[in-house]
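Let me begin by presenting the structure, written as structure tokens, before commenting on it.
Whatever order the structure lists ligands and atoms in, that order sets their numbers, starting from 1. Just the heavy atoms: all of them, side chains too, but no hydrogens, waters or symmetry mates, feed the values below.
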Amino acid sequence: MKKISLTQYLVEQQREHGRIPGQLRLLIEVVARACKHIAIAVNKGELGGVLGSAASENVQGEVQKKLDIISNEVLIEANEWGGHLAAMASEEMDSIHVVPNRYPQGEYLLLYDPLDGSSNIDVNVSIGTIFSVLRKVGHQHGVSEEDFLQPGRFQAAAGYCIYGPQTQLVLTVGNGVAIFTLDREMGSWVLTAENMRIPEDTKEFAINMSNLRHWAPPMRRYIDECLAGSPGPRGKDFNMRWVASMVADVHRILCRGGVFAYPWDARDPDKPGKLRLLYEANPMAFLVEQAGGAATNGRQRILDLMPGKLHERVSVVLGSKHEVERITAYHLEEKAQAAKA
Ligand code: AHG
Ligand code: MN
Ligand code: MN
């Protein structure tokens, strides 16, 4: 079998579809290289002294793990000098990181969750890196946080790297979803799956069930109906999975279908959700839609949401299309009833 490398894939996408200008190709290759570097640190684990917490918190008040910080730095160092970026934003940085003056400024903006699934690092369960690429619109000099506040439908590319039994890079440039597997001996990314399709129907859901009592009624209704199994209104038995690394849960859904939800809950009613819109929900929504699935916040398409701030949170429902449509319909019904009352 002839092996197609990430570079060849990107060159051919540009040649055939004109989708990947030089700066974007460099950006994707640099992110992929940084992910190799992170994969090595993840694999070393205790031997590399990378496990455990750092003595710091991020802007969202979460205790940072050593690997959160290491991965963030790897991504900055890999990306700031190439001339393809204007600025970066990350879960682990309070504000944006503008490319220093000593380097040329490019036209792209990179957003990322350097290490997703932090609670799984120390227990050797799959984790990942999520990224989203926007174009800096407008020709004003300099770059500010406002430049990042664009709806997700404007993403030029998005992807994640999963550090699991295999290390894989999953990518979309708006022309379907491709998977590359890291060949460690060669140090290269090899195309192993293309044109991924998420089945429209599923019998598997992913949600943190321990929060059930805090959910809004439409979310409870949906899960109650699944749990009722074949004698219930859905007439079939459902299975459940929850890795607690969004990357791993989304990857399973991409490969075999399913629906993922991290809904609003009443533990912290002022927060729209737990996950972050710009570097978790948007890139995953772009990938899922490109694979024929759907992604909403329970009411609206994620990719149409206009972000108000860099670290904005959002409810997330994504995966197999018909289940996402059902959950969204339950939420909209409730909204319509509330409006009548
Ligand atoms: P992060 O490690 O980047 O903060 O993200 C963790 C997220 C996401 O990966 C996962 O789906 C969710 O948190 C798990 O949350 P619970 O521990 O509440 O189940
Ligand atoms: Mn995350
Ligand atoms: Mn993270």
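- With Gln64 as the partner, the side chain to side chain donor-acceptor pair (under 3.5 Å) test is satisfied by one option alone out of Glu92, Glu91, Glu57: Glu92.
- At a threshold of 4.0 Å, the pair Arg153-Asp304 counts as salt-bridged, since one of the basic side-chain nitrogens sits closer than that to a carboxylate oxygen.
- Looking at Leu275 against ligand 1, only its side chain comes within 4.0 Å, counting heavy atoms.
- Remark: of the listed residues Glu323, His331, Arg326, Glu323 is the sole one forming a side chain to side chain donor-acceptor pair (under 3.5 Å) with Tyr222.
- Considering just the N/O/S atoms of Glu280, the one nearest the Mn ion (ligand 2) carries the name OE2.
- The distance cut-off of 2.8 Å around the Mn ion (ligand 3) captures these protein N, O or S atoms, sorted by chain and number: Glu91 OE1, Asp113 OD1, Leu115 O.
- At a heavy-atom distance under 4.0 Å, only side-chain atoms of Arg276, from C-beta outward, approach ligand 1.
- The closest approach between any non-hydrogen atom of Asp249 and ligand 1 is not below 4.0 Å.
- With rounding to the nearest 0.5 Å, the separation of OG in Ser90 from CD1 in Ile76 is 7.0 Å.
- Only the backbone of Ser245 comes within 4.0 Å of ligand 1, judged by heavy-atom distances.
- The residue among Glu91, Met284, Glu92, Lys274 with a heavy atom at the shortest distance from atom 3 (O) of ligand 1 is Glu91.
- Between His251 and Tyr160, the ring planes lie perpendicular to each other; the angle is over 60°, past the 30° to 60° tilted range.
- With respect to the salt-bridge test (charged N to carboxylate O, under 4.0 angstrom), the residues Lys274 and Asp265 do not qualify.
- Note that the CG atom of Asp116 and the CD1 atom of Ile121 stand 10.0 Å from one another [nearest 0.5 Å].
- Close to ligand 1: Leu115, with a non-hydrogen atom less than 4.0 angstrom away.
- Residue Ser119 places no heavy atom under 4.0 Å from ligand 1.
- No hydrogens or angles considered: nothing links the side chains of Asp94 and His311 as a donor-acceptor pair under 3.5 Å.
- Of the N or O atoms in Met246, one or more lie within a sub-3.5 Å distance of an N or O in ligand 1.
- Salt-bridge check for Arg252 with Glu204: passed, with a basic side-chain N closer than 4.0 Å to an acidic carboxylate O.
- Under 4.0 Å from ligand 1, the heavy atoms of Asn208 that appear belong solely to its side chain.
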